[in-house]
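What you are looking at is a predicted structure, and each value in this text was computed from that prediction instead of being measured.
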Amino acid sequence: MTPRATPTLTRFQVRLLRPAESRDFERINRLWLAQHFAGSELGDDEVALLRDPWQHVGEGGRVFAAVEIGGKTATTAHAERVIGVCAMIVRDSAALADSVELAKLGVEPAARGRGVGRALVGAVIAAARVMGKRRVRLNSDSRLDAAMRLYTKLGFQRVEEAPLLGRRGDVEMTLTLDTPRQHERHIETEALLADGARYASEYACTLDQRAVFPGDADVAALAGFDEALPEGPCDARSALAALHHVAAPATVASTGGRYFGFVIGGAMPATIAASWMATAWDQNAGLEVCSPAAAHLEEVVERWLLEILGLPARSAVGLVSGATSATFCALAAARHQLLARKGWDVEADGLYGAPPLRVVLGEQAHTTVFKALALLGLGRARVERVAVDEQGRMRAGALPRLDGSTIVVAQAGNVDSGSFDPIDEIAARTTDSGAWLHVDGAFGLWAAAAPATRHLVRGLERCDSWAVDAHKYLNVPYDSGIVICRHPQQLAAALSLGAAYLQPSVSGRDSYRYTPALSRRARAVEIWTALKTLGRSGVAELIERTCRLAQRLAELLAARGYRVLNDVVLNQVLVACDSDAETLAVLREVQRSGECWCGGTRWRGEAAIRLSVSSWATTEDDIERSVAAFERARGRLAAAGFSAPASDSARASAWR
């Protein structure tokens with residue numbers, strides 16, 4: 001098996017330039033000068049500064065370098081490369097006694113956009129403060145837009161009086177350090193966010209090197225957080241470091257390629273970055289007036305989702321925390337409409353004395369549906385269960401008589417087998433009777449987005465409401481669920497609210513009308529990013545590829561003697577050994593190995609191992625490594641006294 005190539009990891013740090021690196025100082029500055037001042041002649045003092053910067057910075061001056069550090073693995077010797085330089089000059093002049101001068105700031109063209117220039121300027125500012133200086137001065141050219149934006153953002157202001165620095169540029173700028181200013185907060189904020197981004201990037205880029213489930217020692221180390229509430233503020237950077245060094249090792253690598261538990265998708269890098277941006281914006285997406293950007297992105301996301309899932313274009317979309325909340329919202333809309341037909345205002349008068357409603361669902365309906373029914377006052381036990389077939393699909397012929405007081409809940413993607421209720425047949429019955437048909441499609445609804453799986457949800461567009469997760473198959477960060485309702489007025493009537501202080505939109509979108517929350521984060525940012533970066537074909541490829549990998553996983557396990565218990569129609573694989581005891585023992589061994597992680601369940605009366613292939617990051621290599629982990633687990637059990645499995649040929653025939 002060919003080992004997976006690990007991407008090169010690089011970061012940079014700022015330190016003092018070493019004498020042996022003087023050529024790097026000259027090289028980078030000459031590149032910078034050639035780009036911005038091509039054809040102009042350097043003065044003798046500038047040439048001398050480039051070739052020997054230390055002789056010109058003065059007593060107490062510094063020469064700083066931004067050094068890139070990279071390596072292919074954690075054990076490879078790290079290579080260092082200078083990618084940015086600057087000088088801090090201290091002058092003898094009485095007029096400049098309270099100042100330091102920032103000079104010769106240059107960054108390699110290939111390294112721009114990574115914050116190298118900001119880091120170098122920040123080092124000069126920090127050094128000036130340590131020296132007790134009151135100002136940092138510089139001379140620049142106003143045509144250098146990027147540099148001028150950087151200096152302005154950091155708090156530098158133009159000097160209008162006669163300049164003290166005579167240089168190539170046409171503008172002199174100064175930063176005053178004697179009083180707390182906004183730029184100090186900028187620098188502190190930048191340092192914190194840079195730490196957070198660096199820690200997060202290191203985590204995301206080393207997932208292949210981590211155990212999928214943390215070891216006992218990593219979990220035990222979490223006890224370090226068990227302390228008394230601090231009496232006062234503590235250093236924020238040290239708090240972030242504690243999260244990185246103590247909490248991160250005890251996380252589950254569910255966003256990697258070998259996590260197959262609970263139908264958890266792995267967040268794509270683009271959606272992680274978008275989530276960081278949404279967090280920095282910190283928008284309340286409940287009202288358009290609170291965030292026009294969030295409201296407009298939701299409008300776009302609504303249109304794109306309905307299009308890619310093939311649902312009625314006039315449907316309403318609400319962005320919630322997950323499929324549980326989505327189902328709650330959809331069933332609230334159903335409750336409103338069915339009772340309103342009978343002249344009952346359930347939002348005003350509650351359920352006391354209300355006309356009764358019926359709820360019909362399959363015997364293997366997901367547990368979150370029952371939670372939603374309980375929260376809505378419709379009851380967990382007051383349901384009519386319909387028999388299912390050997391794959392967990394509702395038998396449409398076993399449906400009871402339906403009427404206009406009935407809510408029917410169908411399932412797109414059984415949580416164990418991945419099977420789909422016959423939605424088209426069920427929709428024919430509900431349409432004729434006036435019943436409301438809701439589809440619980442937490443992960444399976446995405447089958448509608450791929451040509452190879454679309455047949456599984458035939459008739460989907462005929463339903464009244466749908467629940468689906470974006471943090472599963474669309475691979476955006478948690479938490480992100482979606483409720484869709486073909487009757488926008490009914491959804492709004494069930495969930496909306498009003499108050500004198502609210503400022504509803506006249507023509508835009510107020511998302512609180514379609515979700516239980518008035519205040520919530522801008523989930524549309526990550527969903528928009530996923531749909532934008534993948535496009536229609538990318539979403540389809542993601543769905544179809546994970547389905548192929550699930551099929552491959554089933555084939556390999558069957559060939560090695562495991563019984564595959566389900567028809568692998570989507571991304572779910574159920575396997576078992578000869579006995580419940582052996583199945584559970586193998587599951588425990590696989591989980592402990594850290595090589596991959598999957599969960600257990602009971603299927604048709606026997607213990608089973610449940611594997612969900614839902615991550616963009618999963619590859620053929622991940623499948624083979626995981627199957628090898630199963631083989632090693634069974635080998636350890638055999639050595640400990642478990643009976644050998646039946647022959648491979650006999651077991652392989654059990655796979656369907």
Side-chain angles (χ1 to χ4, degrees), residues 7-17 21 24-25 27-29 31-32 35-36 62-71 78-88 100 102-130 136 138 140 144-156 173 175 177 181-206 235-241 243-244 269-270 272-282 529:
T8 299
L9 311 177
T10 61
R11 58 187 176 88
F12 75 88
Q13 62 184 23
V14 175
R15 58 164 170 76
L16 292 178
L17 188 77
E21 296 167 332
D24 288 310
F25 186 88
R27 172 179 58 84
I28 291 173
N29 275 294
L31 284 172
W32 185 88
Q35 178 178 356
H36 296 291
R62 306 278 197 280
V63 183
F64 293 99
V67 181
E68 185 177 55
I69 301 173
H78 292 299
E80 295 189 1
R81 188 170 66 90
V82 177
I83 58 174
V85 292
C86 72
M88 184 187 80
V100 299
L102 172 67
K104 296 302 176 196
L105 172 64
V107 179
E108 267 195 1
R112 288 172 192 160
R114 295 175 54 187
V116 177
R118 292 183 184 183
L120 288 165
V121 176
V124 172
I125 293 171
R129 285 201 175 96
V130 171
V136 178
L138 61 88
S140 185
L144 303 176
D145 294 339
M148 295 300 293
R149 286 196 300 270
L150 169 61
Y151 298 141
T152 301
K153 184 172 183 180
L154 292 175
F156 284 86
M173 305 186 78
L175 174 69
L177 305 177
R181 288 180 179 271
Q182 188 70 26
H183 68 268
E184 296 186 38
R185 293 197 294 274
H186 286 169
I187 293 172
E188 293 171 1
T189 299
E190 186 174 53
L192 283 172
L193 295 182
D195 281 353
R198 177 164 51 85
Y199 292 147
S201 297
E202 181 179 324
Y203 181 88
C205 292
T206 58
D235 177 59
R237 297 187 73 177
S238 65
L240 294 185
L243 290 173
H244 178 61
I272 294 173
S275 181
W276 293 348
M277 294 176 69
T279 300
W281 297 346
D282 194 26
T529 302

Is the shortest side-chain heavy-atom distance between [X] and [Y] below 4.5 Å?
X: R112; Y: V116; answer: no
X: V63; Y: V85; answer: no
X: L102; Y: C86; answer: yes
X: Y151; Y: L138; answer: yes

Rounded to the nearest 0.5 Å, what's the gap from [atom1] on [X] to [atom2] on [Y]? Could you check?
X: L243; Y: Y199; atom1: CG; atom2: OH; value: 9.5 Å
X: K153; Y: E190; atom1: NZ; atom2: CD; value: 7.0 Å
X: R237; Y: E188; atom1: CZ; atom2: CD; value: 10.0 Å
X: R149; Y: L144; atom1: CZ; atom2: CG; value: 10.5 Å
X: F64; Y: L17; atom1: CZ; atom2: CG; value: 10.5 Å
X: L192; Y: D235; atom1: CG; atom2: CG; value: 8.0 Å

Any salt bridge between E68 and R114, counting N to O under 4.0 Å?
yes
With R62 via side-chain hydrogen bond (donor to acceptor under 3.5 Å, both in side chains) - residues at least two apart
none
Smallest separation among heavy atoms of [X] and [Y], with atom names:
X: L120; Y: G106; answer: CD1-O, 4.3 Å
X: P109; Y: L31; answer: CD-CD1, 4.2 Å
X: I28; Y: G84; answer: CD1-N, 3.6 Å
X: A128; Y: V136; answer: CB-CG2, 3.9 Å
X: W276; Y: A197; answer: CH2-O, 4.3 Å
X: F156; Y: M173; answer: O-CE, 3.6 Å

Could I get the full list of salt bridge (Lys or Arg N to Asp or Glu O under 4.0 Å) partners for R27, not counting sequence neighbours?
D24, E108
Using side-chain contact (heavy atoms from CB on, under 4.5 Å) as the criterion, list what pairs up with A270, not counting sequence neighbours.
T529, T533
Under the criterion side-chain contact (heavy atoms from CB on, under 4.5 Å), I'd like the reasoning laid out for L154 against L175: C-alpha separation, chi angles, the key distance, then a yes or no.
CA-CA 8 Å; L154 292 175; L175 174 69; 5.7 Å; no
